[in-house]
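Comments concern the structure below.
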Amino acid sequence: MVKTYRHESVYCLAPFDLIKVRLQNQTEPRARPGSPPPRYRGPVHCAVSICQEEGPRGLFRGAWALTLRDTPTLGIYFVTYEWLCHQSTPGGQNPSSATVLAAGGFAGIVSWAVATPLDVIKSRMQMAGLKHRVYRGVLDCMASSVRQEGLGVFCRGLTINSARAFPVNAVTFLSYEDLLRWWG
């Protein structure tokens with residue numbers, strides 16, 4: 001059930017993630033007199049352009065890498081959180097707010113440490129259609145990336161992902177635990 005739900009949710013969200021990545025990587029200057037207009041004028045224009053240039057399947061570019069990234073990392077995320085709370089809390093008691101904040105923050109970092117290599121591959125596959133560089137799949141993208149840039153390519157973004165993950169996930173778990181206590 002969870003696997004099916006996760007698989008379906010990734011495929012529902014994959015076009016949105018692709019559009020986000022394409023818009024984030026848009027490098028054309030905006031609104032400068034005499035400069036070319038940006039490639040995409042917004043999310044809808046981006047989606048339409050992808051469909052026209054790459055076909056409807058283009059909206060799902062990188063979806064497999066997104067699935068491979070998200071599926072194991074969600075499990076790692078929750079297992080890490082629960083384990084850290086359990087290790088830091090005396091038996092039979094609820095974890096303190098400080099424990100929840102720390103466990104949530106570190107769970108976020110651990111999950112992104114696992115997710116970042118596949119996030120790099122996902123983003124490269126998503127941008128491949130734009131650069132007319134087509135990978136034959138996830139493994140081809142990984143091999144090509146290592147061949148051209150070495151193993152360090154898989155750590156790109158890990159520092160910023162971790163810096164963002166700690167506070168976001170600390171607050172997420174604190175809010176979750178507080179809501180559980182409030183609702184009884």
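More than 12 non-hydrogen atoms from other residues, nucleotides or ligands lie less than 6.0 angstrom from NE2 of H45. Other residues, nucleotides and ligands contribute over 12 non-hydrogen atoms within 6.0 Å of the CG atom of L179. Around atom CZ of R136, no more than 12 heavy atoms belonging to other residues, nucleotides or ligands sit under 6.0 Å away. The local environment of CZ in R57 is sparse, with at most 12 non-hydrogen atoms from other residues, nucleotides or ligands closer than 6.0 Å.
Inspection of the N169 and Y77 side chains reveals an N or O donor paired with an N or O acceptor under 3.5 Å. T99 and S96 share a donor-acceptor pair across their side chains, judged by distance under 3.5 Å alone.
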| request: Would you please test E82 and V79 for side-chain contact (heavy atoms from CB on, under 4.5 Å) and show each step? | output: CA-CA 5 Å; E82 288 294 331; V79 167; 6.0 Å; no
| task | Dump the intermediate steps for side-chain contact (heavy atoms from CB on, under 4.5 Å) on R147 and M142, then the final yes or no. | result | CA-CA 9 Å; R147 205 172 26 256; M142 292 172 96; over 6 Å; no
| request: Dump the intermediate steps for side-chain contact (heavy atoms from CB on, under 4.5 Å) on V146 and F154, then the final yes or no. | output: CA-CA 8 Å; V146 169; F154 296 125; 3.2 Å; yes
| request: Determine, step by step, whether I19 and Y40 satisfy the side-chain contact (heavy atoms from CB on, under 4.5 Å) criterion, reporting the C-alpha distance in whole Å, the side-chain angles of both residues, the deciding distance to 0.1 Å, and the verdict. | output: CA-CA 10 Å; I19 291 165; Y40 305 120; over 6 Å; no
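Atoms SG and CG, from C155 and N161 in turn, are 11.0 Å apart once rounded to the nearest 0.5 Å. To the nearest 0.5 angstrom, L84 atom CG is 10.0 Å from F173 atom CZ. One distance of note links OG1 of T159 with CD1 of I109; it measures 10.5 Å at 0.5 Å rounding. Rounding to the nearest 0.5 angstrom, the gap separating the CH2 atom in W182 from the OG atom in S175 is 12.5 Å. Here the CD1 atom belonging to I50 is positioned 4.0 Å from the CG atom belonging to L18, to the nearest 0.5 angstrom. Distance check, rounded to the nearest 0.5 Å: CD1 of I76 to OG1 of T71 gives 11.0 Å.
Looking only at distances, a side-chain donor or acceptor of T73 sits under 3.5 Å from a matching main-chain atom of D70. Put simply, the side chain of N25 gets close to the backbone of V21: a donor and an acceptor are under 3.5 Å apart. Put simply, the side chain of S144 never gets that close to the backbone of D140: no donor and acceptor are under 3.5 Å apart. With S111 contributing its side chain and G108 its backbone, the two residues share a donor-acceptor pair below 3.5 Å. Judged by distance alone, the side chain of R22 and the main-chain N or O of Q126 form a donor-acceptor pair under 3.5 Å.
Hydrophobic clustering (side-chain heavy atoms under 4.5 Å, transitive across Ile, Leu, Val, Met, Phe, Trp, Tyr) groups F166 together with W83. L139 and V114 fall into different hydrophobic clusters, defined by Ile, Leu, Val, Met, Phe, Trp and Tyr side-chain heavy atoms under 4.5 Å apart, directly or through other members.
Across all non-hydrogen atoms, the minimal contact from A107 to T80 is CA-CG2, 3.7 Å. Between G104 and Y81 the shortest heavy-atom distance is N-CD1, 3.6 Å. Closest of all the heavy-atom pairs between L174 and L101 is CD2-CD2, 3.7 Å. W112 approaches L158 most closely through the heavy-atom pair O-CD1, 3.8 Å. Between G157 and T116 the shortest heavy-atom distance is C-CG2, 4.3 Å. Here the closest heavy-atom approach between residue M125 and residue C141 is recorded as CG-SG, 3.7 Å.
At least one cation-pi condition fails for R69 and W64: the charged atom is not both under 6.0 angstrom from the six-membered ring centre and inside a 45 degree cone around its axis.
Counting only heavy atoms from C-beta outward, the side chains of M127 and Q24 never approach each other to under 4.5 Å. With a 4.5 Å cut-off on side-chain heavy atoms, L118 and K122 do not count as touching. Taking the side chain as every heavy atom from C-beta outward, S145 and I121 approach each other to under 4.5 Å.
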